[in-house]
Every structure is written in structure tokens, then in C-alpha cells.
Amino acid sequence: MDDTIPKLRKLLKGEIRTDLAARQAVSRDASVYELVPEVVISPADSVDIEKLVKYVAKNKTAYPKLSITPRSAGTCMSGGSIGTSIVLDMTTHFGNIGSLKGTILNTQPGVYMRDIDPLLTSNHLHLGCVPASRAINTIGGMVGNNSGGERSLQYGNTERWVRELKVVFGDGNEYVVKPLSRKQLAQKLKETTYEADLYRRTYELIENNYDLVKNARPHVNKNSMGYNLWSVWDRDTGIFDMTRLISGSQGTLGIITDVTIEAVPKAPHSGLLLVYLPSIKNLGDIIATVMHHEPATFEGFDNITFNLGLRYFNTFRKQLGTKEWLRQQSILLKSVAKFKGHIPSMFLMIEFDGQTQGEVLDKISILHDDLKSFNLKMDIEADEASSAPFWRIRRAALSLLQNQVHGRYASPFIDDMAVPPRYLPEFVPQLRKVIRKYKLPATIQGHFGDGNFHVIPLMDISRAKDQAKLEPVMRELIPIVLKYGGTMAGEHNDGMVRGPWLPAVFGQDMYEIFKETKEIFDPQYIFNPHKKTDASWEYSMSHIRSQNDNGLVKK
Ligand SMILES: Cc1cc2nc3c(=O)[nH]c(=O)nc-3n(C[C@H](O)[C@H](O)[C@H](O)COP(=O)(O)OP(=O)(O)OC[C@H]3O[C@@H](n4cnc5c(N)ncnc54)[C@H](O)[C@@H]3O)c2cc1C
């Protein structure tokens with residue numbers, strides 16, 4: 001690397017930092033891993049990225065360890081945004097919002113969602129796929145991970161809303177990637193360019209394995225495991241959409257430099273039914289009952305999260321302003337008083353949308369009546385103002401867990417399983433059995449309407465005893481999830497934690513197709529090594545973070 005840095009300084013306009021502080025600042029994301037890079041580069045523009053990719057491709061043989069890991073806000077929970085060679089910081093110079101035309105938003109990938117939200121809200125819009133980390137993540141990271149969130153129940157994950165991307169591929173050139181019609185595809189396949197070759201080989205790979213690829217799609221509303229090949233080519237519609245493949249590829253196929261994404265209209269009214277469960281014994285049946293009512297969102301969090309929310313509610317004061325913070329805190333304290341010392345085991349948040357307040361209340365009261373047979377305490381929060389503190393806790397749930405709890409820390413590795421909700425009455429008891437067997441003090445929260453569970457054990461991940469639990473727990477849970485057609489990652493992607501399990505989840509034949517996809521786009525393995533198909537359990541386990549504190553880099 002020694003002579004590389006001076007050469008890169010001559011080549012690029014953006015900042016190049018090799019000091020330890022800069023490298024350590026990007027050595028973690030919100031996963032259990034840590035990789036310290038050799039250099040952090042903040043490209044000034046797409047031309048810098050093109051030059052860098054060309055440089056790395058040319059020098060890869062002489063310096064086999066050279067690679068590029070794109071990183072946006074670094075909130076990835078699977079170890080996707082860390083690397084040992086070049087970390088490409090996309091937040092410094094790729095932070096401009098382009099335009100909003102109707103519902104179509106064009107933006108650079110390093111823009112924080114918190115900066116996009118006000119623009120969308122003022123136009124009565126929102127992104128259907130926005131994650132709970134919306135206060136700290138970026139749009140490029142959402143595309144990179146194929147993120148989802150509370151609205152994914154209606155709108156699915158990010159891949160469904162991406163309309164066009166600009167991507168720097170392995171030849172070091174930036175290309176526009178957008179859906180092609182059958183005719184446009186045929187035209188593209190006739191060309192003799194590098195780009196056409198990517199299209200031809202991807203098309204042939206899918207077409208030659210059409211049934212295998214289509215059948216490999218997990219039977220859930222949201223998935224971010226593997227490469228989304230099943231969504232790229234459809235013989236019936238004749239649409240070939242490579243944006244689907246780049247979405248969720250975690251920077252392993254190329255670097256995204258521009259994002260065009262569709263937003264959705266925000267319903268004028270919404271209201272919440274809060275349901276308090278004394279235990280999670282009947283959780284599966286309750287979720288199945290709620291799902292018959294087709295709510296707009298259906299989320300949940302456990303008592304550990306609620307207690308953390310109460311304890312750290314003061315941290316929201318700056319964001320909310322004192323007046324609003326006091327108002328929300330008083331709603332929460334009233335709830336606590338009602339529990340008379342018996343904090344529920346699980347809080348369910350079931351939201352309905354409508355054109356009028358009356359329509360929303362009607363929907364809520366029909367569900368309320370239906371749930372009476374479970375003998376549960378419930379509250380109706382008829383408008384957004386009264387439900388706000390619960391949303392705040394739910395959206396901050398994973399951040400709250402980044403705080404130390406009894407000397408242990410959030411250790412995400414089984415953090416994102418999803419199964420079709422109709423199987424939850426069978427699935428939840430089996431999940432609980434594994435959690436008990438391995439004595440995992442796990443917190444549970446998630447997007448229950450999607451059957452998407454964030455099970456986050458609180459562990460001392462630096463101890464060998466706790467580390468030894470990871471592999472057997474994965475081995476026990478994967479067959480249970482697969483039995484119901486589910487996925488180990490609804491939205492948090494593979495990275496270093498689930499990449500090694502791709503053959504176990506998709507089977508060896510499909511894994512080979514994923515690997516071939518990687519090699520079509522990145523035969524030299526210059527993009528984000530040790531993630532997805534290039535991951536190995538040994539490598540990942542040998543890079544578990546050493547210091548036992550939370551992994552999230554504070555922004
Ligand atoms: C508190 C908390 C709550 C969360 N809640 C959710 C949730 O509800 N739903 C959800 O889906 N996720 C959630 N996450 C995970 C994470 O926040 C999301 O995946 C988020 O969208 C990642 O955005 P980021 O900007 O931090 O991306 P990063 O972590 O920087 O990157 C994510 C991946 O995308 C790749 N990437 C980044 N930029 C580019 C680029 N320009 N080109 C190519 N590849 C790129 C990276 O290499 C990496 O593999 C949560 C995380 C935390 C810590």
C-alpha cells in the first residue's frame with residue numbers, strides 16, 4: 001500500500017486519510033464485527049470513483065489485498081460497511097438532494113434520510129421502505145442493504161421503489177441502470193461493450209436457470225438475503241430490471257453514485273391500537289388475528305425496550321424540543337401508572353390509515369372487538385400526536401439497545417428472521433425454545449405484520465463462551481425458518497454475519513448462481529470483500545469486535 005497512497009493523492013480530488021483516528025472512526029458499523037481499513041477516501045465526485053476503481057482493478061494483481069468498501073452512514077447490522085483496505089466514505093461529497101418531480105425523487109446516495117423526510121412530508125409523501133434508522137441512515141445505504149421498515153407491510157423493501165441508479169462498475173465507468181423492455185434488452189444484448197456483456201451474462205445466467213432462480217425467492221413479504229436475481233428478469237412481462245440486482249448487493253457489484261426512487265402518498269389520517277401482552281405465549285395467534293384486519297403497519301417491542309425507552313427518553317429532548325418532549329413523556333408516564341408496576345411483556349402497535357378520522361376509528365374498533373377473546377389490555381391512540389411517544393420508542397428500539405444493559409451489549413446475529421405471518425403460531429414457540437436452550441437473554445422487537453423478528457441477544461460478545469453460541473444457534477434456527485419458507489434476513493442483509501450461511505439457506509446450486517453473479521460483475525473481487533458470497537464463517541468469527549462496547553459509530 002505504501003506507494004499507493006501518494007499515487008492516489010495525485011490521482012484524486014477528494015480527501016485521503018490514513019491517520020488512525022480516521023480509520024478507527026469507520027472500523028465498525030452496528031454489527032458485532034470490527035475491521036480497521038488502511039485508508040479512508042472521500043471521493044469528490046463520480047470521476048474520482050471511476051479513477052479509483054480503475055486504479056484498484058489495474059493494481060489488484062500486484063497488491064491482492066487492495067479493495068473498496070463503500071460506506072454511507074455505517075449503520076449496517078451485518079458488517080456490510082467495514083473493510084480492511086479502502087473504505088469509500090459516501091457521506092462527505094455525495095450529500096445533495098437533486099429534485100422531487102411528482103413522486104419521483106432524485107438524490108445523491110450519501111444524503112441522510114432525516115434530510116429527505118422534510119421535503120417529502122411537505123409534499124404529503126413518504127418512502128414506503130424507510131427503515132426505523134431513518135434518523136441516522138442514508139438513502140445509499142438503504143439501496144445497498146435493500147432496507148425495509150414499518151411501512152414494508154404495504155410497500156415492501158427498497159428494491160420495489162428504485163427507478164434508476166447510476167453505478168460505477170468494475171471497468172471503472174459510470175453507467176445508468178434502469179428497467180429495460182424486451183425490445184431494449186434485445187438491442188442491448190447485440191452491443192459489444194463492457195456494459196452489454198454484463199447484461200448478456202446476467203440474462204443468460206437467469207434464463208438458463210429460470211425455474212431454480214424464481215423458486216429460490218423466499219416466500220415472505222421482505223427479503224434481503226442473496227442477490228435479487230428472481231426480480232431481475234420476467235419472461236411474462238418482458239421486463240429486465242438490473243436495479244433490482246444492485247439493490248441489496250451491499251456494494252459487492254459496484255458503487256452507486258446516484259439514486260432515483262419513487263415515494264408514496266401519505267394517508268391524511270392514521271390511528272393506533274396499542275395492545276399490551278402479559279406474556280408472549282399467545283403472540284403467534286394474536287399476530288395471525290390482527291393480520292386478518294389488514295393494518296397499515298404492525299410493529300412490536302418488548303418490555304426491555306420499553307424500559308430502556310423510559311430510561312433514555314431524555315435523549316430525545318433535543319430532537320423534539322422541550323415542549324413536545326414533555327408532552328410525549330407525560331403520555332408515557334400515564335401509561336406506566338396504568339400498569340401498576342406490571343409492565344407488559346410485549347407492546348403491539350397496530351396502525352390503520354384512512355381518508356377520515358372516522359374511517360380510522362371504525363377499523364380500530366372492529367379489531368379491538370376481535371381481540372377481546374384474548375383478554376388483553378388495549379388502548380386506542382386515535383391520532384398521530386397521542387401515538388408519537390410509542391413510535392419514538394419503536395423507531396429508536398435498536399439504538400436504545402446500543403446502550404449497555406447489565407454489562408451486556410446488543411449482539412445482532414439472529415436479528416432479522418422473517419417467516420410468513422400465518423406460520424407464526426407454530427414458529428414463535430420453536431424460536432423461544434432455541435432462545436431458552438442457549439440461555440440467550442434476547443430482546444424481541446420488529447415488524448410483526450411481516451413476520452419479521454429482530455431478536456437481539458444481549459451478550460458479552462468478546463467472551464469465547466458467548467461467541468461459541470453463535471454457530472449452533474444459527475444451525476438450529478435456519479432449518480426452522482426454512483421449513484416455513486422464510487429468510488434469515490428480511491431487511492438487514494447478509495454482510496459478514498449471514499453471507500457464510502447462504503448455501504445453507506438457498507442450497508448449493510443457487511449459491512453457485514449467486515457466486516457467478518458476483519464474478520460477472522467483479523471477477524477480481526475488488527468490491528467489498530468478505531461479504532455475501534465471499535464471506536466465510538472463520539473470517540467473520542476472527543473479526544468480532546474486540547472492545548466490548550456498542551458498535552454504532554455516533555453521528
Ligand atoms: C438503530 C438501528 C435501527 C435499524 N432499523 C432498521 C430497519 O428498520 N430496517 C432496515 O432495513 N434496517 C435497519 N437498520 C440497519 C441500517 O440502518 C439500514 O440498513 C440502513 O439503510 C443502512 O444505511 P447506512 O447509510 O447506514 O448504510 P451503510 O451501513 O453505510 O451501508 C449499508 C450497505 O450498503 C453498502 N453501500 C453504502 N453506500 C453504498 C453505495 N454508494 N454504493 C454501493 N453500496 C453502498 C455498504 O457497503 C453496506 O454494505 C437499523 C440499524 C440501526 C443501527
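Note that ligands are numbered from 1 as they come in the structure, with each ligand's atoms numbered from 1 the same way. Sequential numbering from 1 along the given sequence is applied to the chain's residues.
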Can we say [X] and [Y] salt-bridge, meaning some charged N sits less than 4.0 Å from an Asp/Glu carboxylate O?
X	Y	value
Glu150	Arg395	yes
Glu174	Lys166	no
Arg134	Asp117	yes
Asp353	Arg151	yes

Which one holds for [X] and ligand 1: side chain close, backbone close, both close, or neither close, with close meaning a heavy atom under 4.0 Å?
X	value
Ala132	both
Lys531	neither
His447	side chain
Gln250	both

Please say whether [X] places an N or O atom under 3.5 Å from an N or O atom belonging to ligand 1.
X	result
Thr138	yes
Gly80	yes
Gly74	yes
Met77	no
Thr69	no
Met90	no
Ala73	yes

>> Using ring-ring contact (aromatic ring centres under 6.0 Å, His included), reason through Tyr33 and His543 one step at a time and then give a plain yes or no.
In response: CA-CA 6 Å; Tyr33 306 109; His543 290 90; 8.5 Å; no

>> Ring-plane angle category for Phe390 and Phe306, please: parallel below 30°, perpendicular beyond 60°, tilted otherwise.
In response: parallel

> Where does the angle between the aromatic ring planes of Trp501 and Trp537 fall among parallel (under 30°), tilted (30 to 60°) and perpendicular (over 60°)?
Replying inline: perpendicular

> What do the steps show when you test Tyr511 against Phe506 for ring-ring contact (aromatic ring centres under 6.0 Å, His included), and what is the final call?
Replying inline: CA-CA 6 Å; Tyr511 173 68; Phe506 289 93; 9.5 Å; no

If you measure from [atom] to every heavy atom of [options], which option wins on shortest distance?
atom	options	answer
atom 38 (N) of ligand 1	Gly83, Ser31, Ser72	Ser72
atom 34 (O) of ligand 1	Gly149, Gly144, Pro412	Gly144
atom 33 (C) of ligand 1	Asn145, Thr158, Leu165	Asn145
atom 31 (O) of ligand 1	Ala30, Ser81, Gly446	Ser81
atom 26 (O) of ligand 1	Val130, Ile49, Thr75	Thr75
atom 50 (C) of ligand 1	Ser133, Gly248, Ala489, Gly251	Ser133
atom 43 (C) of ligand 1	Ile256, Leu253, Asp416	Ile256

> How about Leu153 and Phe448: do any of their side-chain heavy atoms sit closer than 4.5 Å?
Replying inline: no

>> One pair to check against salt bridge (charged side-chain N to carboxylate O under 4.0 Å, His left out): Arg71 and Asp89. What are the steps and the verdict?
In response: CA-CA 5 Å; Arg71 176 181 173 102; Asp89 153 43; over 6 Å; no

> Sequence neighbours excluded, which residues qualify as side chain to side chain contact (heavy atoms under 4.5 Å, CB included) partners of Asn314?
Replying inline: Trp325

> For Glu262, which residues count as a side chain to side chain donor-acceptor pair (under 3.5 Å) partner, sequence neighbours excluded?
Replying inline: Arg163

> Do the ring centers of Phe169 and Phe521 come within less than 6.0 Å of each other?
Replying inline: yes

>> Which of the numbered atoms in ligand 1 are under 4.0 angstrom from any heavy atom belonging to Ser147?
In response: 11 (O), 18 (C), 19 (O), 20 (C), 21 (O)

> Which atoms from ligand 1 have a heavy atom of Gly254 less than 4.0 Å away?
Replying inline: 43 (C)

> Mind checking whether Asn528 has a heavy atom under 4.0 Å from ligand 1?
Replying inline: yes

>> Taking a cutoff of less than 4.0 Å between a non-hydrogen atom of the residue and any ligand atom, is Ser78 in contact with ligand 1?
In response: no

